[in-house]
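These values consider heavy atoms only, across backbone and side chains, with no hydrogens, waters or symmetry-generated copies. It should be emphasised that the depicted structure is a prediction, and the values quoted were computed from it without experimental measurement.
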Protein chains: 2
Amino acid sequence: MDGPLTATAPAVDGGKKSRKGEQTRAQILETALTLFRERGYEDTTMRAIAEAAGVSVGNAYYYFRSKEHLIQAFYARTHEEHLEACREVLAREVGLRDRLLAVMRAKLDTIMPYHRFSGILFKTAADPESPLNPFSEESLPVRQQSTALFAEVLEGSNVRLSADMMAELPNLLWTYHMGIVLFWIHDRSPGCARSYRFMEQSVKLVVRLISLAQIPVLRPLFREILKVVAELRNREGTEGNPSTMGT
Amino acid sequence: MDGPLTATAPAVDGGKKSRKGEQTRAQILETALTLFRERGYEDTTMRAIAEAAGVSVGNAYYYFRSKEHLIQAFYARTHEEHLEACREVLAREVGLRDRLLAVMRAKLDTIMPYHRFSGILFKTAADPESPLNPFSEESLPVRQQSTALFAEVLEGSNVRLSADMMAELPNLLWTYHMGIVLFWIHDRSPGCARSYRFMEQSVKLVVRLISLAQIPVLRPLFREILKVVAELRNREGTEGNPSTMGT
DNA sequence: CCTTCTTGTTGAACGCGTTCAAATCGGCGC
DNA sequence: GCGCCGATTTGAACGCGTTCAACAAGAAGG
């Protein structure tokens with residue numbers, strides 16, 4: 001009953017075993033992502049994925065609990081690509097606006113090939129019962145990695161922030177970046193030009209707000225905002241979930 | 001081929017015809033909403049709805065294009081209940097904070113009975129292809145009505161706002177209210193107490209921000225914010241869609 | 001070689017949302 | 001009465017995601 005489903009990311013397990021199954025798993029994932037890119041999500045059936053990958057339907061389900069779980073693999077995949085695309089700029093640039101701009105632009109560039117099928121991504125992501133829900137247990141690793149990226153955007157810049165800001169701002173930026181992606185998903189303009197424009201304008205605004213938050217007169221206001229945002233963040237709340245306390 | 005599907009809202013058509021079908025339609029909708037409330041969305045099958053309503057499956061599809069379209073009817077229904085629940089307070093109260101508080105509280109109260117099945121609501125609502133997408137053509141009437149409610153919240157208050165604020169703020173408040181609902185959907189605390197608390201705190205913050213926007217020094221900043229928000233709003237963009245130009 | 005256990009693989013079958021050709025109903029002219 | 005036509009209703013059928021009992025392939029020990 002305990003299949004290979006425990007290890008979601010290919011690189012997480014020991015790396016030594018390299019069981020026969022790892023090949024099959026990779027084969028299925030690769031086929032699925034290709035078909036998603038070509039035909040979109042809805043028009044790609046599990047039967048088609050299995051056939052194109054040269055396995056049976058049941059076998060695909062041996063490695064991926066559901067069709068949705070294939071998306072989670074997509075999540076992890078594009079996130080890694082995004083990280084790679086950012087690395088160089090983040091090591092060089094120190095201006096906060098340019099850092100954030102570069103990261104956001106890289107994000108859009110990374111997910112662009114998947115624009116056709118990305119609709120379904122947020123569709124299932126918004127379902128509180130779905131494992132793809134950005135707040136779910138299962139997607140916590142990717143979310144934490146992504147939030148860490150925004151922490152790095154801030155820390156590597158020449159802008160000094162107060163401690164309470166530094167604690168909450170990465171999460172806020174992550175939320176902001178989700179909002180941009182949401183806009184992008186609905187964007188039907190050629191080349192998603194509107195998304196890029198909207199992103200650039202809003203990045204300027206965000207950076208301006210951040211610098212405003214450092215002005216002493218406005219501190220009480222921003223402190224209150226942070227308080228409300230913190231309330232928003234720990235959704236599990238009184239249930240006492242220790243897993244979200246760390247970091 | 002042109003069935004009764006053209007008239008989505010029951011009160012929209014002439015009201016005179018009252019064809020046989022209107023009864024059947026109402027019967028199906030009532031049954032569906034009841035089952036949704038009792039078992040949730042996923043566990044309520046179209047076959048079960050049809051059987052409980054005393055019709056065939058195909059007949060249900062004659063009146064509702066899909067299972068999702070039953071949700072749109074739910075949208076319209078709860079919106080009317082919300083309006084009704086607000087009417088009295090909005091006629092009496094003039095303080096902006098209390099007006100907004102009352103409206104938001106009424107919103108949560110109205111949708112509370114549907115908390116179990118509301119997850120799917122946003123799930124499909126986030127899909128850009130879905131007719132339930134809040135930005136879609138099909139849900140435009142409800143959205144406009146809802147936005148109008150927030151315009152009334154502002155206009156009936158003793159707070160005077162500049163014209164550009166008055167033009168954009170209702171849309172912003174509508175977006176804010178969607179955010180609260182999104183929080184509520186994910187809220188698993190007993191009685192959704194966290195949602196109410198979060199709503200109250202954020203309402204205070206929102207009102208405070210609105211009054212800040214009236215301070216001359218900060219006007220340029222808020223004007224820029226409004227500009228970006230306006231960019232966000234007309235998504236159809238360069239396609240030249242005249243239907244969203246009105247009002 | 002035979003057993004035993006885990007890992008990997010199969011394809012038929014289930015329940016679902018949805019479709020559609022065909023049947024039925026209801027009013028209106030004759 | 002009969003014929004007609006649009007509105008309504010039916011239920012079998014399709015394709016989908018998913019499940020599961022059964023089977024095959026290795027690996028390990030005797």
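At a threshold of 4.0 Å, the pair E30(A)-R77(A) counts as salt-bridged, since one of the basic side-chain nitrogens sits closer than that to a carboxylate oxygen. Salt bridge R87(B)/E84(B): present, at least one basic N to carboxylate O contact under 4.0 Å.
Contact check, S66(A) against dG17(D): no side-chain N or O comes under 4.0 Å of OP1 or OP2. Phosphate proximity of dT8(D) to Y62(B): present, with a side-chain N or O under 4.0 Å from OP1 or OP2. OP1 or OP2 of dT8(D) has not a single side-chain nitrogen or oxygen of N59(B) nearer than 4.0 Å. Considering only side-chain N and O atoms, T24(A) lies under 4.0 angstrom from the phosphate OP1 or OP2 of dT9(C).
Between dC16(C), dG11(C), dC16(D), one nucleotide has an atom nearer to the side chain of T45(A) than all others, and that is dC16(D).
The distance from atom CE of M46(B) to atom P of dA13(D) is 20 Å, rounded to the nearest whole Å. Distance, Y61(A) OH to dC20(D) P: 13 Å, rounded to whole Å. Atom CD of E42(B) and atom C1' of dC16(D) are 15 Å apart (whole Å). The distance from atom CD of E51(A) to atom P of dG11(C) is 11 Å, rounded to the nearest whole Å. Atoms CZ (F64(A)) and P (dG17(D)) sit 15 Å apart, rounded to a whole Å. In this structure, the OH atom of Y63(A) is 4 Å from the P atom of dT9(C), given to the nearest Å. dT10(C) atom C1' lies 13 Å from atom CD1 of I28(A), rounded to whole Å. One interatomic measurement links the two molecules: CG of D43(A) to P of dG15(D), which rounds to 14 Å at whole-angstrom precision.
Residues from residues 31-40 of chain B placing a heavy atom under 4.0 Å of any atom in DNA chain D do not occur.
In this structure, F74(A) has its ring center at least 6.0 angstrom away from the ring center of F36(A).
If G58(B) and V57(A) are placed on DNA chain D by their nearest nucleotide, the residue sitting closer to the 5' end is G58(B).
Residue R47(A) places a side-chain atom within donor-acceptor reach of the base of dG17(D), judged by atom type and a 3.5 Å distance cut-off alone.
Looking at heavy-atom distances under 4.0 Å, V55(B) makes contact with sugar-phosphate atoms alone, never a base. Across all strands, S56(A) comes closer than 4.0 Å to base atoms (heavy-atom distances).
In this model, no donor atom of one side chain and acceptor atom of the other lie less than 3.5 Å apart for S66(B) and Y61(B). No donor-acceptor contact under 3.5 angstrom links the side chains of D187(A) and Y196(A), judged on distance only.
Side-chain atoms of Y63(B) and L29(B), non-hydrogen and from C-beta on, never get closer than 4.5 Å to each other.
Contacts of R116(A) classified as salt bridge (Lys or Arg N to Asp or Glu O under 4.0 Å), with partners at least two apart in sequence or in another chain: none.
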